[in-house]
Amino acid sequence: MVRHTVVVGGGVMGSAAAWHLASRGDQVTLFEQFPPGHDRGSSHGTSRIFRLAYDDAFYVGLAVRALPLWRKLEEETGREVLELTGAVDHGPVGATEALHRALTAAGRPVERLTPDQAAERWPGLRVDGTAVFHPEAGRVHADHAVEAFQEAARQHGARVRHGVKVTRLAVRGQRVEVVTDGEEAVVADAVVVAAGSWTPGRLAGVVPGLPPMRITQEQPVHFPAPDALGWPSFIHHGGPDEAVYGLGSLDGVKVGFHGVGPVVDPDHRDRTIDQQAVARLQKYAERWLPGVDATEPAALTCLYTTTPDEDFVIDRRGPVTVVGGFSGHGFKFAPVVGELAADLVGGGNGLDRFSMTRPRTGG
Ligand SMILES: Cc1cc2nc3c(=O)[nH]c(=O)nc-3n(C[C@H](O)[C@H](O)[C@H](O)COP(=O)(O)OP(=O)(O)OC[C@H]3O[C@@H](n4cnc5c(N)ncnc54)[C@H](O)[C@@H]3O)c2cc1C
């Protein structure tokens with residue numbers, strides 16, 4: 001019998017899950033509350049950093065696993081989604097050496113650079129102390145990636161329905177009743193909840209034991225730069241402010257502080273741009289990014305959904321699989337997240353690190 005699986009949420013994670021599930025033969029229906037290309041969640045815009053460098057072998061391995069899956073998505077859809085321009089990490093020696101060790105242990109190429117060597121290669125970027133570069137990194141075009149996952153899912157028979165909100169989920173034995181704002185009621189064999197910042201609200205009373213998730217509104221800025229698309233992605237560890245990340249994109253060089261925004265309700269948030277935060281990024285750019293025009297910032301807002309230990313949740317309770325808590329670093333792993341979700345729906349085991357009942361750490 002063909003399994004009918006409903007996916008709630010058409011951001012990058014739900015779309016990736018729909019692709020894997022449909023390609024394995026599930027009859028998939030994906031419901032997304034907003035129109036295609038909306039900018040009210042976490043997956044919009046022209047750029048996300050792809051990188052292998054984590055000071056944690058687990059995440060290095062996950063990113064290594066994602067790389068060929070991004071290429072498979074590109075092959076299936078004929079679209080370019082991931083462009084490798086490399087990544088520069090700079091800051092205190094402890095931070096850069098930890099990354100160098102982790103990449104070397106995984107057998108991936110990485111090199112140390114002095115500030116002078118870095119300045120010669122990327123005159124627009126000033127590095128602070130020590131630096132490492134790894135080439136298997138770069139930029140994912142976020143909007144194109146979401147579109148490509150949905151397109152690939154459709155090619156395998158999935159129905160992708162925008163403008164339909166799931167208003168109720170109710171577990172009925174081994175199945176789940178899914179009700180939409182159009183008063184449709186579907187009884188599915190399995191549901192994947194990939195509702196981003198709406199996940200805790202959507203799952204209240206449906207799946208017990210979900211770790212707390214903190215929803216914040218983050219506000220990166222694009223600065224014009226003549227050669228933005230040639231920039232490597234970069235992270236400035238332990239800089240003068242919080243950690244700063246950035247990368248070149250079609251919109252300029254995107255720069256942001258990691259996870260510093262205010263806590264918000266995803267349905268009732270003030271999308272007003274915080275001009276003081278913009279001014280701090282301009283100050284940062286004046287000092288560390290001589291290749292951008294710091295006088296012309298263009299800010300955007302985006303939601304982080306963060307668990308206390310900053311690990312994701314990818315787990316199943318009966319017929320309900322949950323993928324959530326991807327904070328500010330989930331995008332690069334999307335094709336693996338979709339694969340893990342499809343494994344769980346198919347009765348496979350998840351990864352302990354992403355279980356709902358892992359020991360809690362962090363705030
Ligand atoms: C500023 C910023 C920068 C980032 N930079 C990077 C980066 O450089 N590299 C990286 O790897 N990651 C990065 N990330 C993280 C990454 O973008 C997110 O982890 C990822 O996009 C989360 O995707 P998602 O599908 O879980 O959530 P979302 O994209 O929010 O998707 C959830 C979807 O579910 C829909 N939905 C919710 N409830 C319902 C319902 N009841 N019915 C129907 N639909 C519903 C929503 O409308 C939404 O479209 C960044 C995030 C932000 C905010």
Side-chain angles (χ1 to χ4, degrees), residues 6-18 29-52 54 59 62-63 66 70 82 87 137-140 142-143 145-146 149-150 160-169 178-182 191-203 206 213 215-222 233-235 245-247 249 254-261 266-267 299-306 310 312-314 322-338 341:
V6 166
V7 178
V8 183
V12 74
M13 302 306 176
S15 304
T29 309
L30 182 153
F31 292 119
E32 164 54 50
Q33 63 184 342
F34 296 131
H38 78 86
D39 64 356
R40 295 164 72 171
S42 306
S43 300
H44 54 283
T46 56
S47 65
R48 291 292 183 282
I49 294 176
F50 178 84
R51 51 192 273 116
L52 304 185
Y54 275 78
Y59 280 106
L62 212 64
W70 282 115
L82 167 63
R139 151 179 77 240
V140 180
D143 288 335
V146 174
F149 280 126
Q150 293 185 4
V160 177
R161 296 183 52 194
H162 285 93
V164 184
K165 180 176 179 175
V166 171
T167 52
R168 199 159 70 88
L169 293 172
V178 181
V179 180
T180 71
D181 55 356
V191 167
V192 175
V193 177
S197 298
W198 291 264
T199 298
R202 188 62 281 135
L203 286 175
V206 181
M213 294 185 188
I215 317 299
T216 55
Q217 175 172 289
E218 305 297 332
Q219 184 187 286
V221 159
H222 287 106
S233 61
F234 58 90
I235 295 185
Y245 68 87
L247 76 166
S249 78
K254 182 161 109 182
V255 187
F257 297 118
H258 177 60
V260 298
D267 282 318
L300 68 149
T301 67
C302 183
L303 295 171
Y304 271 23
T305 306
T306 310
E310 296 194 28
F312 314 145
V313 173
I314 306 175
V322 182
V323 300
F326 294 102
S327 72
H329 72 121
F331 209 102
K332 66 184 72 60
F333 304 111
V336 181
V337 172

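Numbering of ligands and ligand atoms starts at 1, following listing order.
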Part of R40 within contact of ligand 1 (heavy atoms, under 4.0 Å): neither
Centroid-centroid distance, F333 to W70, less than 6.0 Å: no
Side chain, backbone, both or neither: the part of L247 lying under 4.0 Å from ligand 1 by heavy atom: neither
Distance from atom 51 (C) of ligand 1 to nearest protein heavy atom, with residue and atom: Y304 CE1, 3.7 Å
V166 N/O under 3.5 Å from ligand 1 N/O: yes
Structural part of F326 in contact with ligand 1, heavy atom criterion under 4.0 angstrom: both
Parallel, tilted or perpendicular: ring planes of F312 versus H329, cut at 30 and 60 degrees: tilted
Side chain, backbone, both or neither: the part of F333 lying under 4.0 Å from ligand 1 by heavy atom: neither
Ligand 1 contact on H38 by region, counting heavy-atom pairs under 4.0 Å: side chain
Nearest-option assignment for atom 23 (O) of ligand 1, heavy atoms, candidates S47, G11, S43: S43
Ligand 1 to K165 polar contact by distance, N or O atoms, under 3.5 Å: no
Atoms in ligand 1 flagged as close to L303, the criterion being non-hydrogen separation under 4.0 Å: 53 (C)
Heavy-atom proximity to atom 32 (C) of ligand 1, best of G41, A194, G9: A194
Proximity to ligand 1 by part of S327, non-hydrogen separation under 4.0 Å: backbone
Quiz item: cation-pi between R161 and F31, 6.0 Å / 45°: no
Under the salt bridge (Lys or Arg N to Asp or Glu O under 4.0 Å) test, residues paired with R139 that sit two or more places apart: E83
Option whose closest heavy atom lies nearest to atom 17 (O) of ligand 1, chosen from E32, R48, R139, Q217: R48
Options Y245, F331, F257, F149, ranked by nearest heavy atom to atom 10 (C) of ligand 1, top entry: F331
Parallel, tilted or perpendicular, as decided by the 30° and 60° cut-offs, for the rings of Y304 and H258: tilted
Option nearest atom 26 (O) of ligand 1 (shortest heavy-atom distance, choices H329, H258, M13): M13
Under-4.0 Å heavy-atom contact with ligand 1, by part of P220 that carries it: side chain
Geometric N/O contact V8 with ligand 1, under 3.5 angstrom: no
